[in-house]
Amino acid sequence: MNAVYLGNSIAVSAFGMILSAAFCDICWTRFKKLLLTGGMAVLLLIQGIIYFFINAKIVEYIYPLITHFPLMVILCFLSGKILWPAISVLTAYLCCQIRRWLALLAITIFAGGPVMQNTIEFVMTIPILLILLQFAAPSVRSISNNALSVQIQFGLVPALYYGFDYLTRIYTKLLLEGVLAAVEFMPFVCSVAYLVFVVRASEEGRMRSQLEQIQEVLNLQVAQAVREIRALRESWQKTRAYRHDLRHHMQYLLSCIENERYEQAQGYIREICLEIESNQVITFCENEAANLIFSAFAGRARDSGVPIKIQAALPQNIAISESDLCVLLSNALENALHACQKRVEKGLPGTMEVSAYEKKGKFFLQIVNSCDADIPFEHGIPVTSYPGHGIGVWSICAIVEKYGGIYSFAVKDDKFILRLSFKAAGDSARFPVDS
């Protein structure tokens, strides 16, 4: 009995220590492996000394002090974290109950005793450990990189079970005596944990669905921006082709004049001018994508009766992808133009001023447009209750945050002011504050 019990005790100690280390997100080196192995050997040696030379029964009572707490300290040193090693040890302790419950089930079915229980637990140690290392450990380790609140929530059930097991089975016999509060405690914990899981799963599902909808909208916006750029690029190429063919046009006009076909020459000139005007792309900056978007919105603003002033100094190569630049500029200009169009429809003045430039590796954009004064804000972000609206602002914020930048939205004197900057390196860029 003592030999079987001793062997099972060593097995469960090694089981818990190895699993605790596997649950920690540690970058293993040869030194760390040797340190963990040495630490495990020392802890097992301390258990053996107390078991053989002091009191075998006391090992179970002081096990948290001679094993769990020192193991937490070792894992804290190896992982560089404080909270998660404690959670990993508690979680490994919870997993140890798999061995015990399966053994208890076996002796219940086959009417066995303590020897059978310890034998079954000992035999099942390695298979269960391998299964947990293969399938459970990677998922548990990934939680250590989540927010602190998530880590605490994950470790709450193992911590409650740890305290419950020692209070009702080791230090007292409340569980064996059938005290109802003790018997029903873990079912109560499981019920609460299940309800919390359902609530969180539902909330995460709702957020995932919302993010998928936003992603679909963003994909549509990117596709639309790409189509606009393609159309504008074709328009620009046509204009360049007209310039290239100017010599042929001049020869034709010269022929008309020499043959005194003046009306035909005038008609041809008007036709060419109209065609070139319809495909005109104004040059605002060197960056082709930005220039095409500025030109497109300048034309839309002109058609809507909205005066627009654009000052841009963006080089061809800029530290932002073309798709992100298109989505950013398109959303910002679309929102500004929409606000101005609403005012023009009411018979009120609506103007737009756009400034965009890159300086010392930093991208700056400011758009000032006329707006109504009753724009609601939440946490410094303009919001709207209209379905399908507000995605543009979210897109702007997401792109700026993606590049580690800053943004600000403000309303002053019936003017909506958007300012944003991407920080390429060093400190964050700061905009001057209006006095």
Side-chain angles (χ1 to χ4, degrees), residues 218 221-222 225-226 228-229 232 281-302 306-340 350-371 375 377 379-383 390-435:
L218 290 177
Q221 291 178 345
V222 171
V226 171
E228 289 180 0
I229 287 180
L232 288 168
V281 176
I282 305 174
T283 300
F284 292 100
C285 61
E286 296 178 6
N287 187 276
E288 182 183 11
N291 193 70
L292 293 173
I293 293 174
F294 287 143
S295 181
F297 276 93
R300 290 176 56 184
R302 182 178 61 251
V306 176
I308 182 172
K309 180 181 179 182
I310 299 177
Q311 292 181 330
L314 299 176
Q316 179 60 40
N317 297 322
I318 186 172
I320 175 176
S321 69
E322 187 173 273
S323 60
D324 286 341
L325 181 63
C326 292
V327 173
L328 178 67
L329 294 178
S330 296
N331 279 299
L333 293 169
E334 183 72 40
N335 291 341
L337 181 58
H338 180 67
C340 292
T351 61
M352 293 175 57
E353 295 182 7
V354 182
S355 299
Y357 62 95
E358 186 184 53
K359 184 177 181 181
K360 296 182 179 179
K362 297 177 182 177
F363 173 81
F364 297 87
L365 174 66
Q366 175 176 287
I367 299 179
V368 181
N369 60 273
S370 303
C371 69
I375 298 178
F377 281 77
H379 308 294
I381 306 296
V383 296
I391 302 298
V393 173
W394 186 91
S395 302
I396 293 170
C397 297
I399 291 175
V400 174
E401 292 173 356
K402 173 183 175 180
Y403 288 90
I406 58 174
Y407 53 81
S408 66
F409 303 89
V411 175
K412 183 178 180 181
D413 298 330
D414 293 335
K415 297 287 186 180
F416 186 89
I417 305 172
L418 163 64
R419 290 171 174 152
L420 60 88
S421 170
F422 300 150
K423 55 176 184 178
D427 297 333
S428 300
R430 296 293 180 183
F431 289 108
V433 179
D434 292 332
S435 58

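In this text, all values refer to a predicted model and were calculated from it rather than measured experimentally. Each residue takes its place number in the sequence, starting with 1.
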When rounded to the nearest 0.5 angstrom, what distance separates CD1 in Ile417 from NZ in Lys412?
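Spacing of CD1 (Ile417) from NZ (Lys412) equals 7.0 Å.
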
Report yes or no: do Lys415 and Thr351 form a side-chain donor-acceptor pair below 3.5 Å?
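Yes, side-chain donor-acceptor contact under 3.5 Å.
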
From Ile320 CD1 over to Cys326 SG, what is the distance, rounded to the nearest 0.5 angstrom?
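One gets 9.0 Å once the value is rounded to the nearest 0.5 Å.
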
Do Leu418 and Gln366 have side chains that approach each other closer than 4.5 Å (heavy atoms only, starting at C-beta)?
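A side-chain contact under 4.5 Å is absent here.
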
How long is the gap from CD on Glu322 to CG on Leu292, to the nearest 0.5 Å?
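Answer for the CD-CG pair, Glu322 versus Leu292, is 8.5 Å.
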
Going through the checks in order, is the side chain to side chain contact (heavy atoms under 4.5 Å, CB included) test met by Leu333 and Met352?
CA-CA 9 Å; Leu333 293 169; Met352 293 175 57; 4.1 Å; yes

Student check: side-chain heavy atoms of Ile396 and Tyr407 closer than 4.5 Å:
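No, side chains not in contact.
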
Flag side-chain contact, heavy atom, 4.5 Å: Asn369 against Cys371
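Yes, side chains in contact.
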
Just say parallel, tilted or perpendicular for the rings of Phe294 and Phe284, cut-offs at 30° and 60°.
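Rings of Phe294 and Phe284: perpendicular, over 60°.
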
Quick check: closest heavy atoms across Ala313 and Pro315, and the distance to 0.1 Å?
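Where Ala313 meets Pro315 most closely, the heavy atoms are O-CD, 4.0 Å.
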
If I take atom CD from residue Glu358 and atom CD1 from residue Ile318, how far apart are they, to the nearest 0.5 angstrom?
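Reported value, rounded in 0.5 Å steps: 4.5 Å.
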
Return yes if a side-chain donor-acceptor contact under 3.5 Å exists between Tyr357 and Gln311, otherwise no.
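No, no side-chain donor-acceptor pair sits under 3.5 Å.
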
Counting distance only, does the side-chain N/O of Asn331 pair as donor-acceptor with the main-chain N or O of Val327 below 3.5 Å?
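Such a contact is found between Asn331 side chain and Val327 backbone.
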
Heavy-atom side-chain contact between Phe377 and Val383 under 4.5 Å
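No - every pair of side-chain heavy atoms lies 4.5 Å or more apart.
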
Test side chain to side chain contact (heavy atoms under 4.5 Å, CB included) on Tyr403 and Ser321; report intermediate values, then the result.
CA-CA 10 Å; Tyr403 288 90; Ser321 69; 3.5 Å; yes

Closest approach of Gly350 and Val306, non-hydrogen atoms and distance?
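Between these two residues, the closest heavy atoms are O-CG1, 3.4 Å.
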
Would you check if the side chain of Asn291 reaches a backbone N or O of Asn287 as a donor-acceptor pair within less than 3.5 Å?
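Between the backbone of Asn287 and the side chain of Asn291 there is no qualifying donor-acceptor contact (under 3.5 Å).
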
Beyond-backbone contact of Phe363 with Leu420, side-chain heavy atoms, under 4.5 angstrom:
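Phe363 reaches Leu420 side chain to side chain.
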
Check: Phe409 and Val393 side chains under 4.5 Å, non-hydrogen atoms
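With C-beta onward as the side chain, the pair touches.
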
Is any side-chain heavy atom of Asp414 closer than 4.5 Å to a side-chain heavy atom of Ser370?
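SC-SC contact between Asp414 and Ser370 ruled out.
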
Starting at CD1 of Ile308, measure out to CZ of Arg300 and round the result to the nearest 0.5 Å.
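Between Ile308 CD1 and Arg300 CZ, I get 10.0 Å after rounding to 0.5 Å.
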
Carefully, step by step, assess Leu329 and Leu365 under the rule side chain to side chain contact (heavy atoms under 4.5 Å, CB included).
CA-CA 9 Å; Leu329 294 178; Leu365 174 66; 3.9 Å; yes

Phe416 versus Ile367: any side-chain heavy-atom pair under 4.5 Å?
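No; the side chains remain at least 4.5 Å from each other.
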
Shortest non-hydrogen contact from Cys397 toward Ile381
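Closest approach of Cys397 to Ile381, heavy atoms only: SG-CD1, 3.9 Å.
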
